[in-house]
*Asks:* 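Got a structure for you, written out below as C-alpha cells; questions coming shortly.
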Amino acid sequence: MKKNVLWLAAGSVAMLTSCSKLGPLSPDYFTVNPTPLEAISGEVPATVFGNFPAKYMKKKAVVTVTPVLKYEGGEAQGQSATFQGEKVQGNATTIQYKVGGNYSMKSNWAYNDAMLQSDLYLQFDAKLGKKTVTIPEVKIGYGVLATSQLLGRAISSSKASVAPDAFQRVIAQKQEANIKFLIAQANLRTSELESVSIKDLVNILREINDNEETRALSSIEVSAYASPDGRYDYNERLAEKRQDVSTSYLQKELKKIKMDADINTKFTAEDWEGFQQLVSASNLQDKQVILRVLSMYEDPEQREQQIKNMSEIYTGIKEGIMPELRRARLIVNYDVIGRSDEQIVEQFGTDASKLSVEELLYGAGMLVSNVSQKEAWYTKTTQIYPSDYRAFNNLAQIAYEKGDKAAAKQYLQKALSINNNAPQANTNMSLIALGEGKVQDAEMFLAKGSGSDIFNDVMGAVNLAKGNYVQAATNLHDTKSNVAALAQLLNKDYVSARNTLDKIENADATTSYLKAIVGARTNDANLVSAGLRDAFAKDPSLVQRALKDLEFSKFASTVKSLAK
C-alpha cells in the first residue's frame with residue numbers, strides 16, 4: 001500500500017522586520033505532497049516537514065504548531081508539535097537561534113464527507129517569554145481525495161452469499177448382509193438366513209421391485225471367502241461352494257418376488273485383506289508383529305506358517321479372527337429416485353410439509369425465478385424446518401440485494417443463532433459490517449466465513465477497507481464487480497479497472513461513476529463525460545459529490561455542464 005504523506009517543504013520564511021518578534025510565515029514557501037490529501041481506510045494521514053530558518057526561533061520563544069483541516073460546518077485538529085528556543089527550560093524540541101532547524105510532525109484525521117472540500121492550515125500558539133505572540137495561520141493544502149470511501153457504495157451492489165441445498169434427485173444406496181459359515185463348511189444355516197441383515201436385504205429387493213418410479217436396481221453382488229488357514233487348493237474349492245450356495249439362495253428370493261436381475265459373483269480363496277483389517281482393528285496382543293509378518297511375506301503358506309509359529313497369538317486369531325472371515329457378502333446397489341421438478345412444485349402448492357428441507361431449498365433456488373416467490377418458498381422452509389439456518393440466510397441474501405440491510409441483518413442474526421459457524425451467514429454479516437464502516441467487526445465475522453461462495457470477494461473488500469490495495473486486487477482478481485474495479489483503480493491498474501467495469505452485469509450508478517474516475521485519471525474526456533452522464537441519470541445524489549470530487553479537478557467545466 002502506498003503511504004500517503006503530507007510534506008511541508010523546508011523553505012524560506014518571510015518574517016517581520018523586527019528581530020525581537022516572531023514574524024508571520026508566508027504560504028508562498030510551503031508545498032504539500034500529495035496535493036490534495038487522500039483518505040485511506042477511513043482516515044486522512046499526513047506527515048509535515050518544516051524548517052525554522054536561522055534567527056527565527058528566539059531564544060526564549062515557545063511555538064506550538066497544529067495542523068487543522070477546515071471544511072464547511074467544522075474543522076478537525078491534527079496532532080500538535082511544540083518547539084522551544086535554546087534558553088527555554090522544557091521538554092519540547094529545541095531550535096537553535098543562529099542556525100535554525102528542521103522538524104517533522106505527523107497527523108491523522110478521521111474522514112468525513114465534508115472534507116471533500118476542505119483546506120489544510122497550520123495554526124501557531126506562540127509565546128516569547130511570558131508574552132503571547134500572534135503568528136497568523138498559514139494555508140498549506142486543500143481538499144481530500146476520497147475515492148477509497150466509495151467502498152460503501154460499491155459494497156451495496158455486491159452479491160450476498162447463498163447457502164446451497166444438498167438436493168440429489170438420484171441417491172446411490174447400498175444394502176449389505178453377511179452369511180457366515182462354519183469351518184470347512186459351505187451349507188446355509190437357518191440361523192444365518194433368519195438374521196436381521198438378510199431379512200433387510202430381501203426387503204430392499206422387494207421394495208425396489210414394487211416401486212420402480214422411486215427405486216432403481218443398479219447391481220446385485222455375491223462375494224464369498226474362505227479364511228486363510230489350511231491348504232490353498234482346498235480353500236479355493238470351499239470359497240467357490242460358498243459363492244454358489246449364496247447365489248442360489250438369492251436367485252430363489254428373486255424368483256419369489258418375480259424380479260428379473262443378474263447377480264455378479266466372485267470368490268476369494270484366502271481372505272488376507274479381510275484378515276489384515278480385522279487384526280488392525282482388534283485388541284490382540286502383539287498385533288503389530290502379525291502385521292509385520294503380512295508385510296514381509298507375500299506367499300500365503302509362508303504367512304500362515306509364520307503366524308502359526310506364534311502359538312500364544314495364534315489362539316486369539318483362531319478364535320476371534322478366522323470365524324469372521326468364513327463368509328459370503330451379499331450386496332444390493334440401488335438408486336433412490338426423488339421427485340421431479342414438476343412434482344416438487346406441485347407438492348409445494350398442495351402440502352409443502354411433505355417436502356424435505358433439501359427439496360424446498362432446491363425449489364426456491366432453482367425452480368422459481370420471481371423474487372417474491374423465492375421469498376415465499378424460503379419463508380415456508382423456515383416454518384417447516386426452523387432449526388435449519390440456510391433458509392434464514394437466503395432470505396437475508398434477498399433482502400440485502402433489494403437494499404433492505406436492516407431486514408437482512410435480522411435474518412442473519414436468526415441464522416447465526418441456529419448455527420454460529422455458518423459460513424454464508426458470517427460472510428454476509430461481514431458484508432453488512434463493511435457497509436456500516438465497521439472493519440473490525442467485518443474481520444471477526446469473515447474469520448468464520450471460509451467455505452462461502454463469496455469469501456474471497458469479501459476478503460478483498462476487507463483489505464480494501466484497510467487500505468491494502470495490492471492484496472485487495474489479488475483477492476478480487478477473478479471478480480467482475482464495483483468492489484473489484486475500485487481495488488484495481490486504487491492500485492493504479494487502470495486498464496484492469498476499465499476492463500472489469502465494462503464486464504459488470506447489471507451495471508449501476510457506481511459503475512458509471514468509477515468509469516468516469518478512470519477516465520479522469522487517464523485523461524479520457526469522453527469517458528469522464530459518458531460515465532458522469534450515466535451516473536447522474538441513475539443516481540442524482542452523485543451530482544453533488546462530483547462537483548466536490550477532486551478526481552475531476554481537471555474536468556470541472558464538464559461536471560458543471562452535466563450537473564445543470
Side-chain angles (χ1 to χ4, degrees), residues 1-71 74-111 115 118-145 467 550:
M1 176 187 70
K2 172 190 171 188
K3 293 185 177 179
N4 296 271
V5 181
L6 173 63
W7 298 90
L8 177 56
S12 300
V13 180
M15 300 175 286
L16 292 176
T17 56
S18 173
C19 62
S20 62
K21 296 182 180 180
L22 298 171
L25 304 176
S26 171
D28 295 336
Y29 297 98
F30 296 98
T31 58
V32 178
N33 183 18
T35 299
L37 306 177
E38 186 172 356
I40 301 174
S41 189
E43 296 181 335
V44 182
T47 300
V48 176
F49 288 88
N51 171 267
F52 287 110
K55 298 184 180 181
Y56 181 83
M57 182 64 74
K58 309 309 177 187
K59 294 181 179 180
K60 293 184 179 181
V62 177
V63 179
T64 297
V65 184
T66 304
V68 178
L69 201 56
K70 295 185 178 183
Y71 47 87
E75 64 179 36
Q77 289 191 344
Q79 289 73 39
S80 300
T82 301
F83 307 92
Q84 63 189 28
E86 56 192 272
K87 287 189 176 182
V88 177
Q89 299 296 318
N91 296 322
T93 300
T94 299
I95 304 296
Q96 298 295 319
Y97 174 70
K98 288 187 177 182
V99 299
N102 297 321
Y103 63 89
S104 65
M105 52 194 299
K106 292 185 177 183
S107 286
N108 206 41
W109 296 272
Y111 173 80
M115 291 178 180
S118 57
D119 293 305
L120 180 61
Y121 288 83
L122 290 183
Q123 293 181 345
F124 307 93
D125 182 8
K127 288 186 177 182
L128 200 54
K130 294 183 179 180
K131 295 181 180 180
T132 298
V133 180
T134 299
I135 302 176
E137 65 182 12
V138 181
K139 179 181 174 181
I140 61 172
Y142 66 92
V144 175
L145 194 65
L550 293 173

*Asks:* Atom NZ of K59 and atom CD of Q96: how far apart are they, to the nearest 0.5 Å?
*Replies:*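 One finds 9.0 Å between NZ of K59 and CD of Q96.
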*Asks:* So which atom in L22 and which in A126 form the shortest heavy-atom distance, rounded to 0.1 Å?
*Replies:*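 Smallest heavy-atom distance, with atoms named: CD1-CB, 3.9 Å.
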*Asks:* If you compare all heavy atoms of T66 against all heavy atoms of G78, which two are closest, and at what distance to 0.1 Å?
*Replies:*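 Closest approach of T66 to G78: CG2-O, 3.9 Å.
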*Asks:* Looking only at non-hydrogen atoms, find the nearest pair between P27 and K139 and report the distance.
*Replies:* CB-O, 3.7 Å
*Asks:* Hey, does the side chain of W109 reach the backbone of A76 with a donor-acceptor pair shorter than 3.5 angstrom?
*Replies:* yes
*Asks:* What pair of heavy atoms forms the shortest contact from E86 to Y97, and how long is it?
*Replies:*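 Heavy atoms only, the tightest pair is OE2-N, 2.9 Å.
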*Asks:* Should V65 and M105 count as side-chain neighbours, where that means a heavy-atom distance under 4.5 Å?
*Replies:* yes
*Asks:* How close do P36 and G143 get, heavy atom to heavy atom, and via which atoms?
*Replies:* CB-O, 3.6 Å
*Asks:* Restricting to non-hydrogen atoms, name the atom on A39 and the atom on V144 that form the minimum distance, rounded to 0.1 Å.
*Replies:* N-CG1, 3.8 Å
*Asks:* Rounded to the nearest 0.5 Å, what separates atom CG in N102 from atom OG1 in T93?
*Replies:* 12.0 Å
*Asks:* Please name all residues satisfying ring-ring contact (aromatic ring centres under 6.0 Å, His included) with Y121, sequence neighbours left out, ordered by chain then number.
*Replies:* none
*Asks:* Could you walk me through whether V63 and M57 pass the side-chain contact (heavy atoms from CB on, under 4.5 Å) test, one step at a time?
*Replies:* CA-CA 9 Å; V63 179; M57 182 64 74; 4.0 Å; yes
*Asks:* Closer than 3.5 angstrom, by distance alone: can the side chain of T94 be matched with the main-chain N or O of Q84 as a donor-acceptor pair?
*Replies:* no
*Asks:* Parallel, tilted or perpendicular, judged at 30° and 60°: which one describes the rings of Y103 and F83?
*Replies:* tilted
*Asks:* Could you go through the salt bridge (charged side-chain N to carboxylate O under 4.0 Å, His left out) check for K70 and E137 one step at a time?
*Replies:* CA-CA 12 Å; K70 295 185 178 183; E137 65 182 12; 2.8 Å; yes
*Asks:* Do T35 and L120 make a side-chain contact, defined as non-hydrogen atoms from C-beta onward lying under 4.5 Å apart?
*Replies:* no
*Asks:* When rounded to the nearest 0.5 angstrom, what distance separates OH in Y111 from CG in L69?
*Replies:* 10.5 Å
*Asks:* List the steps, then state whether side-chain contact (heavy atoms from CB on, under 4.5 Å) holds for V44 with M115.
*Replies:* CA-CA 9 Å; V44 182; M115 291 178 180; 4.3 Å; yes
*Asks:* Could you grab the distance from atom CG of D119 to atom CD1 of I140, nearest 0.5 Å is fine?
*Replies:* 11.0 Å
*Asks:* Under a 4.5 Å cut-off applied to non-hydrogen side-chain atoms, are T134 and F124 in contact?
*Replies:* no
*Asks:* Any sub-3.5 Å donor-acceptor pair from K130's side-chain atoms to K127's backbone N or O?
*Replies:* no
*Asks:* Starting at CG of L145, measure out to CG of L550 and round the result to the nearest 0.5 Å.
*Replies:* 6.5 Å
*Asks:* Just verifying a value: how many Å separate S107 OG and L37 CG, rounded to the nearest 0.5 Å?
*Replies:*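 Separation between the atoms: 10.5 Å.
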*Asks:* For the pair Y56 (side chain) and G23 (backbone), establish whether a donor and an acceptor sit closer than 3.5 Å, ignoring hydrogens and angles.
*Replies:* yes
*Asks:* Do T82 and T64 meet the criterion of a side-chain donor-acceptor pair at a distance under 3.5 Å?
*Replies:* yes
